[in-house]
Amino acid sequence: MTLPHDEVVPILDFGSQTAQLIARRVRDAGVFSILVNPDISAAKLAAMKPKGIILSGGPASVYEPGAPVCDEAIFDLGVPVLGICYGMQLMCRALGATVSRADHREFGRAMLALGASEHLFVGVPARTTVWMSHGDQIADLSAANLIPLASTDTCLYAAVASTDPARRLFGVQFHPEVTHTPHGTDIIRNFLYEICACRGDWRMVNFAEAEAARIRDRVGDGHVICGLSGGVDSSVAAALIHRAIGDRLTCVFVDTGLLRKNERALVESTFRDHFHIDLRVADAASAFLGDLVGVTEPQEKRRRIGARFIRVFEEAARDVKDAQFLAQGTLYPDVIESGGGHAGKAAGIKLHHNVGGLPPDLKFTLVEPLRDLFKDEVRRLGEVLGLPRQIVWRHPFPGPGLAVRVLGEVTPDRVETIRECDEILLEEIIAAGLYEKTSQVFAVLLPVQSVGVMGDGRTYENAVAIRAVETQDFMSADWSRLPYDVLATISTRIINEVRGVNRVVYDISSKPPATIEWE
């Protein structure tokens with residue numbers, strides 16, 4: 001595994017809902033982190049030359065049959081280890097401690113009392129609030145060569161450390177990665193700096209230089225085709241690859257017939273005029289829409305769109321000399337949500353067209369320079385690369401386009417309906433000064449019709465849902481509290497101006513349990 005930085009802290013993901021948050025907190029501290037399968041061998045971990053290792057939480061009980069485990073040789077690598085919740089219990093049990101069901105389960109805030117203020121707890125108050133979420137506890141440490149560092153009223157061993165300081169093994173029963181633990185960031189930073197002796201120089205400037213060098217090494221004298229959608233991810237990927245190999249990059253913009261209004265013109269003006277990149281436009285709207293006739297299942301939509309993308313690229317590549325590589329703006333959340341990549345316990349929530357929707361007979365070698373980055377990191381990289389602000393801070397748009405915002409069958413008329421709704425929505429969000437205060441805003445055409453009244457007549461027409469969210473990393477998100485008067489204006493305009501719509505509703509679901517996109 002080639003990593004984008006020489007200082008890395010791998011995180012063994014045991015299925016925690018907050019494993020990605022751990023990775024974010026580590027990166028925010030200036031250290032590169034990556035989620036890996038929990039059953040990764042100690043030898044493979046050692047090959048990464050990690051500065052430290054973190055074991056995440058998880059929903060299982062360590063004593064249950066079939067519960068996920070790790071290679072116990074990890075604890076003998078001489079590398080610092082921090083176990084969090086389930087990860088702590090797993091480490092303690094491997095070292096000889098007893099783990100059992102607790103008399104008092106802890107879910108929510110608890111008061112932590114420190115017995116030691118060094119190591120993990122430098123600068124942390126002697127009593128501090130932490131976030132607990134566990135039904136099991138360490139019952140006995142006597143056989144494990146571990147000592148307690150902190151406790152709560154109902155958890156005697158809320159933090160532990162190895163008796164031998166040279167082993168540098170630590171565990172916390174609480175979750176330092178969540179905002180409900182006020183000094184959690186300090187604890188994670190102490191692990192990284194005080195215990196792992198990290199430099200903390202993971203920066204986007206360094207990443208841009210290192211990744212450009214990696215692209216040059218991988219591509220050699222070859223030519224790269226980049227699937228350019230005009231969104232943040234593919235735009236940043238294109239700019240980075242262009243920095244690396246110059247005119248040996250050809251961008252292909254596919255007009256799928258599933259784009260936002262005026263999208264094609266925006267992309268052509270930005271990348272031809274601003275960056276002077278070789279841009280080819282492939283008009284394939286009829287082919288994409290033809291593939292979707294009669295299809296209603298979301299994953300099948302994504303599979304067909306992904307397959308068609310590749311066929312269009314292959315056609316475009318015939319005129320490009322030495323086109324051996326296909327570049328995509330795949331991000332870390334795409335990999336995690338698709339159940340692929342390094343996170344072995346991540347569930348396959350949905351296929352992304354550039355992760356799970358690719359055909360098995362792909363004729364290109366993939367180049368995915370953003371595959372290890374979160375969305376906000378990509379935006380920072382875009383600024384480093386000099387992309388225009390309106391591109392860097394543009395709201396995300398799904399690779400399959402409006403096909404996954406038309407619930408049910410995708411037809412030209414239904415696509416045009418949601419395209420007009422989307423344009424009105426964005427106009428009003430921008431006019432209200434809310435575009436950069438929200439992370440993603442879009443409209444969804446629902447597969448239902450409802451009764452309405454227009455003039456003196458009864459209508460039976462389409463319902464449209466409005467979705468607006470706020471998020472830092474798109475792994476979790478909360479719905480935006482848009483002003484009522486803005487929502488009223490949006491609803492009135494859509495119903496009055498878009499033929500066939502007589503009802504507008506507002507989605508107030510958070511992620512999780514919902515996803516941001518409806519499909």
Side-chain angles (χ1 to χ4, degrees), residues 1-5 34 204 207-256 267-268 270-272 275-282 284 302-303 305-332 334-335 338 340-342 351-373 377-378 381-382 384-385 387 391 399-400:
M1 181 189 300
T2 303
L3 298 171
H5 199 256
I34 193 167
M204 278 302 108
F207 176 85
E209 295 171 354
E211 189 61 28
R214 283 209 305 166
I215 293 167
R216 282 192 291 270
D217 289 343
R218 184 173 189 191
V219 171
D221 295 329
H223 204 113
V224 177
I225 291 183
C226 179
L228 186 62
S229 70
V232 179
D233 308 337
S234 64
S235 298
V236 172
L240 178 58
I241 295 168
H242 189 252
R243 170 180 283 197
I245 62 172
D247 59 8
R248 286 186 290 114
L249 167 69
T250 295
C251 289
V252 176
F253 177 75
V254 180
D255 187 345
T256 64
V267 171
E268 289 188 276
T270 299
F271 286 88
R272 279 187 180 146
F275 284 102
H276 307 292
I277 289 176
D278 179 18
L279 176 65
R280 317 280 177 92
V281 176
R302 291 176 178 273
R303 287 189 187 94
I305 290 169
R308 178 59 64 179
F309 259 105
I310 298 305
R311 300 302 173 231
V312 172
F313 286 136
E314 288 174 343
E315 183 67 27
R318 293 177 182 177
D319 298 326
V320 180
K321 185 180 179 181
D322 298 324
Q324 304 163 349
F325 299 89
L326 170 64
Q328 297 189 131
T330 308
L331 304 191
Y332 205 25
D334 299 339
V335 176
S338 295
H342 310 300
L351 288 179
H352 288 261
H353 81 281
N354 50 2
V355 179
L358 299 177
D361 60 341
L362 181 66
K363 293 182 174 61
F364 297 103
T365 299
L366 282 179
V367 176
E368 298 175 305
L370 313 180
R371 187 180 176 89
D372 293 322
L373 299 185
E377 293 173 323
V378 172
L381 178 59
V384 167
L385 295 170
L387 279 166
I391 293 289

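For G231 against S235, the heavy-atom pair with the smallest separation is O-OG, 2.6 Å. Listed here is the closest heavy atom pair of A244 and A212: CB-O, 3.4 Å. The heavy-atom pair separating G227 from L326 by the smallest distance is N-CD1, 4.4 Å. The two residues L228 and F253 come nearest to each other via the heavy atoms O-CD1, 2.9 Å. Taking each heavy atom of L249 and A238 in turn, the nearest pair found is CD2-O, 3.4 Å. In terms of heavy atoms, P369 sits closest to A237 at CG-CB, 4.2 Å.
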Output, in order, the C-alpha distance, side-chain angles, deciding distance and verdict of side-chain contact (heavy atoms from CB on, under 4.5 Å) for L373 and V236.
CA-CA 12 Å; L373 299 185; V236 172; over 6 Å; no

Evaluate the side-chain contact (heavy atoms from CB on, under 4.5 Å) criterion for residues I305 and T256: first the C-alpha distance (whole Å), next the side-chain angles of each, then the deciding distance (0.1 Å), finally the verdict.
CA-CA 9 Å; I305 290 169; T256 64; 5.9 Å; no

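Within a 6.0 Å radius of CG in D217, other residues, nucleotides and ligands contribute more than 12 heavy atoms.
E377 has its side chain out of reach of L331: every pair of non-hydrogen atoms, C-beta onward, lies at least 4.5 Å apart. The closest side-chain heavy-atom distance from R308 to V254 is not below 4.5 Å. Taking the side chain as every heavy atom from C-beta outward, I215 and E211 approach each other to under 4.5 Å.
Atoms CD and CG, on E368 and D233 in that order, are 11.5 Å from each other to the nearest 0.5 Å. Note that CZ of R218 and CD1 of I245 are 12.0 Å apart. Values are rounded to the nearest 0.5 Å.
Q324 pairs by the side chain to side chain donor-acceptor pair (under 3.5 Å) definition with nothing, not counting sequence neighbours. For the side chain to side chain donor-acceptor pair (under 3.5 Å) test, no residue two or more places apart in sequence or in another chain qualifies with E209.
With M204 as the fixed residue, the side-chain contact (heavy atoms from CB on, under 4.5 Å) test singles out one of V378, L381, L385: L381.
The stretch residues 238-251 participates, sequence neighbours left out, in these side-chain hydrogen bond (donor to acceptor under 3.5 Å, both in side chains) pairs: H223-T250, T250-D278.
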